[in-house]
Protein chains: 2
Amino acid sequence: MAQTTGNGRAGGKGAQLRAYLLGLIDGELKPHEKLPTERELAESFGVTRLTVRRALDQLGYEGRVYRTQGAGTFVSEPRIAKSVELTSFTQDMRARGLVPGSLETQVEEIPAGAEIGARLALSPREHVAHLFRVRTADGEPMCIEHTYIPAKIAPGLAARAIEGSLYQLLTETYHLKVEKAEQSIHATVLDPPLAKLLGVPEFSPAFKVQRVAYDARNQRIEYAESVYRADRYSYDFIIYRTTRDTAN
Amino acid sequence: MAQTTGNGRAGGKGAQLRAYLLGLIDGELKPHEKLPTERELAESFGVTRLTVRRALDQLGYEGRVYRTQGAGTFVSEPRIAKSVELTSFTQDMRARGLVPGSLETQVEEIPAGAEIGARLALSPREHVAHLFRVRTADGEPMCIEHTYIPAKIAPGLAARAIEGSLYQLLTETYHLKVEKAEQSIHATVLDPPLAKLLGVPEFSPAFKVQRVAYDARNQRIEYAESVYRADRYSYDFIIYRTTRDTAN
DNA sequence: GCCGTCAAATGGTGTAGCCCAATTTTTTGA
DNA sequence: TCAAAAAATTGGGCTACACCATTTGACGGC
């Protein structure tokens, strides 16, 4: 059967509608201009209003549009900062218009040990692949990164040449898809060896980032510890008041 | 009629259901335990499955539960870190179990000037209320904060005694409710005067945070510039892969 | 025992339609 | 003329139902 189901594949009607709306948003419409009403979209796309609402709600949640009851849905101002998104270094740099790269990549397979084991919920004796990379943007050192991945979920990773996006490799080769990450960001200063690796003066300010990444099943996939030079990196994002929860 | 509308007020059925589910989550159920199925909840609460889904989706989005097609909905592990939420210093410290306070509060009304005016989209000549506060947690200096609020949306603010939560005051007195904020976080080191104010050694690491806050109508409410001591502060949050967008 | 197959359970997406709440626009009337 | 009232518009929330996609577990054959 060419068409297994009643809905037209290609990601479903919601996804098609979303694509169309995205086209409107950063194509024809300018910030604060009004999108078609839900009812109009529903009719012209031959879908239910609920489907339209889901697409618009999602865009609203992502900060692309804002919605006001009684008034309409409007295009948000161009995002000077992205909302907090889970991205790899590679994606992150590309989004900033820089060319990502790596220096001095080292890979080894080692026992997790106490700390890494705890982070990944492994026995200290279980093995992990340890990647050490100096990551670059437009050729300049940007970040020093230690990544640990349980050997049992990515066998043979340590023997593999890692180039480009680790996340892409994990997805394509091991079908491990990161869906969620806990991240902890600290401010620190660079001690001499790290400063040298990053090519900045000693005791320059820096971010230290620890991250535990999970897949959709809450299985821990990765623990990463990174140090970013602060002169070329900042965290820019949009935050929303989450839920009209209980008290203020 | 005792019940003006079809739905039973009190925040709507969805909100009631949400409250019940929250009770389950951090009450009776342990992490990774299974919640009732959508259909069960729908029946026992006398609501539609769609209503149940909205509540569960929301909880899933907040990281309280995770959902797997074909399997069920499960309680997430206790959140060691909150998802990124828009909070005031007051709320933030309370959430960390600390008692928030302020030292050396100063309030004045001044012309916005070039930089602040640009941040708040005001003419440089328009007036803003400027608050300077050394904010404390459990009595210890934690953060130095400059806050600027357009005088025209909060008249008389500069003459008022600010104590406790500015956001609460804005909501209750001026009906200004912050819904969204753009935030930019930098790592830096403390110059001697700031270090002294915070009671830490000179050139200690610190976060510099710039924030522009908006209400639901995209009106700019506040610009704040804060410096947090890094030895006692970190950003901990959970990030999700946003949308199954286009490419990886 | 072990592995495949198949059915049941469960979340994901969609249709069709109802009324409410907030906002905007139009009309009305002093 | 202009402000108050009414109507139309528009997003918010819900009901009731149908079918798809994925996962899980039980059953059977080997």
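Quick note on labels: first sequence line is chain A, next is B, and so on, each numbered from 1.
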May I ask you to decide whether B:E43 forms a salt bridge with B:R39, counting only side-chain N to carboxylate O separations under 4.0 Å? no

Please state how far atom CZ in B:R54 lies from atom C1' in C:dG11, giving the value in whole angstrom units. 17 Å

To the nearest angstrom, the CG-P distance between A:D57 and C:dT13 comes to 14 Å

Polar side chain donor-acceptor pair, A:S76 to A:R64, under 3.5 angstrom: no

Separation of C:dA16 atom P from A:E38 atom CD, nearest Å, is 17 Å

For B:E182 and B:R211, run salt bridge (Lys or Arg N to Asp or Glu O under 4.0 Å): C-alpha distance rounded to whole Å, both residues' side-chain angles, the deciding distance at 0.1 Å, then the answer. CA-CA 6 Å; B:E182 293 167 0; B:R211 165 154 84 176; over 6 Å; no

Taking for each residue the nucleotide of DNA chain C with the nearest heavy atom, is it A:R39 or A:Q69 whose nucleotide lies nearer the 5' end? A:R39

Do the side chains of B:R220 and B:D215 get close enough for a salt bridge, i.e. N-O under 4.0 angstrom? no

Among C:dT15, D:dT10, C:dT24, find the nucleotide with the atom closest to the side chain of A:T37. D:dT10

Examine C:dA16: is either OP1 or OP2 under 4.0 Å from a nitrogen or oxygen in the side chain of A:R49? Give yes or no. no

Separation of C:dT13 P from A:R18 CZ (nearest whole Å): 13 Å

Roughly how many Å is it from CD in B:E43 to C1' in D:dC17, rounded to a whole number? 15 Å

With respect to the phosphate group of C:dG12, does any side-chain polar atom (N or O) of B:R53 fall under 4.0 Å of OP1 or OP2? yes

Round to the nearest Å and state the distance from B:L35 atom CG to C:dT10 atom P. 12 Å

In whole angstroms, the gap separating P of C:dG11 from CD of B:Q58 amounts to 18 Å

For A:V47 and A:G70, find the nucleotide of DNA chain C closest to each by heavy atoms; which residue's nucleotide sits nearer the 5' end? A:V47

Base, sugar-phosphate or nothing for B:G46? Non-hydrogen atoms, less than 4.0 Å. sugar-phosphate

Tell me whether the OP1 or OP2 atom of D:dG11 has a side-chain N or O from A:T73 closer than 4.0 Å. yes

Does B:T51 put a side-chain nitrogen or oxygen below 4.0 Å from OP1 or OP2 of D:dT15? yes

Can you check whether A:H130 and A:Y148 have ring centres sitting under 6.0 Å from each other? yes

For A:L50 and for A:L56, locate the closest nucleotide of DNA chain D by heavy-atom distance; then report the residue assigned to the nucleotide nearer the 5' terminus. A:L56

Can you check the B:Y66 OH to C:dG11 C1' distance for me, whole Å? 14 Å

Checking contacts here: which listed nucleotide (D:dC14, C:dT15, D:dG11) is nearest the side-chain heavy atoms of A:R67? D:dG11

